[in-house]
Amino acid sequence: MQVHFLLFALYRDLAGTEQLTLELPPGATARDAVDRLRRTGPGFARLPEAPVVAINREYAPLHALLREGDELALLPPVAGG
Amino acid sequence: MQVHFLLFALYRDLAGTEQLTLELPPGATARDAVDRLRRTGPGFARLPEAPVVAINREYAPLHALLREGDELALLPPVAGG
Amino acid sequence: MYTAIGAAPIRAEDVLARVGDDADGAVLLFLGRVRREHEGRRVHGMRYDTYQAMAGAVLDAIAREAAERAGSDHIAVVHRTGELAVGEISVAIAVATPHRAEAYEASRYIIEQIKLRLPVWKHEHYTAGDSRWLEGAVPPGSAS
Amino acid sequence: MYTAIGAAPIRAEDVLARVGDDADGAVLLFLGRVRREHEGRRVHGMRYDTYQAMAGAVLDAIAREAAERAGSDHIAVVHRTGELAVGEISVAIAVATPHRAEAYEASRYIIEQIKLRLPVWKHEHYTAGDSRWLEGAVPPGSAS
């Protein structure tokens, strides 16, 4: 299945990109997806192992299951205000 | 000695006046002054025995001594804001 | 620091404009207004009486105390007197501080102390035609 | 209730004008602004990045929660994004309630939740020429 990754702020700077799409096996969790992303290249390897994530624009735990076409955002600690 | 009384809000309505001057014996306290004021007439008798007072524009206890020319204000419970 | 008490209508933006510089990350503006209803009765307006010669000094003292607590004298407090219509601003408090916690604390301190200590009295007018003095607070430290 | 997040400059009086009717005796306006100094360094400006598609919903949720607590939906929250100069308003929160306690509580709730949950990131620019991402908070409920 395809998962669309979004990267913001520091994570975007580390990875050198703000979005990409990867193929993941069915049954993959958000944590699996992050693991896969971190093996994509040297910049990605600098991303944290357990970042805060949002699935389809809602905060989600890393053990959440992904589905075809999901948008998985990796969010650095937020600093609104 | 002369003491200048000021009355505000409800107390002014009860007494029917907002200021008057009375002669008091030397050594009189604010409490003595209020007692004297309450004997001045029927409206004044409706003033409380122990109101909040200010002497020369500062909150003061009823046992405070008065001096010639002092301004003694009788203040109903305040409601600013 | 700026404080005033008088009959001129209060404009929120004027009070706000009196505080804050580039070191202040937080600005807080409180507005108190005359409500159209009180204890189930329809309000027509409110008259604010004051002991003018004393109130200015009390307002100053309150603002100074708040400034000391907040570590910032970027404070403006304006209280209105006289006849007010429903919806009009009776008091405006602007506080600017480097960080937000101090602004909230100072703002709250000022309005609570105003209600407790400022020699002001409210004569509430009802649409039914009658009026009454609102109950108030006994200022601390004034007891016999 | 009104919430918005975007690049348009925030005008305090516009946000203030969005709340309050004659039943509201208290109005509170909070403004967050870019400070000229941070941790001893002279600041030139700040860029606010956001996850726009998510941030709108989070801001809405925060305002709704505050409205429920305050018993009033007379709430307006506007957050700015993009490049801001020192002194510019990054966030404005207006709350109007019948009584003041609810306004203070709701206002404080909203700003604290914004700092904790809104997907916004600050890239601080220094007069020395360098920039850095400010440290942030880990939103509750997002843990693995």
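So that the names make sense, note that chain A is the first sequence line, chain B the second, and so on, each numbered from 1. Values in this document were obtained by computation on a predicted structure and should not be read as measured data.
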| said: Looking at C:Glu68, I want to see if its CD is surrounded by more than 12 non-hydrogen atoms of other residues, nucleotides or ligands under 6.0 Å. | reply: no
Answer key: most heavy-atom pairs under 4.5 Å with chain D among C:Asp21, C:Val95, C:Ile93, C:Val91 is C:Asp21
### Query
Given side chains that start at C-beta, do those of D:Leu31 and C:Leu16 come closer than 4.5 Å, heavy atoms only?
yes
All heavy atoms of D:Asp22 vs all of C:Arg33, minimum pair found to be N-NH2, 4.2 Å
When the 4.5 angstrom heavy-atom criterion is applied to D:Ala101 and chain C, the contacting part is both
Any side-chain heavy atom of C:Arg100 within less than 4.5 Å of one from D:Lys115? yes
### Message
Ring-plane angle category for D:Phe30 and C:Tyr104, please: parallel below 30°, perpendicular beyond 60°, tilted otherwise.
### Response
parallel
Whatever's closer than 4.5 Å to a heavy atom in chain D on C:Ala12 counts as side chain
Among D:Ala96, D:Ser90, D:Gly25, the residue with the most heavy-atom pairs under 4.5 Å to chain C is D:Gly25
Shortest non-hydrogen pair, C:Arg36 vs D:Ala23, comes out as NH2-CB, 3.7 Å
Of all heavy-atom pairs linking C:Asp24 and D:Arg35, the shortest is C-CG, 3.9 Å
Looking only at C:Glu112, C:Arg108, C:His38, the option with the highest number of non-hydrogen pairs under 4.5 Å against chain D is C:Arg108
key: More than 12 heavy atoms from other groups under 6.0 Å of NE2 on C:His44   = no
Cut-off 4.5 Å, heavy atoms of chain C, and the answer for D:Ser107 is both
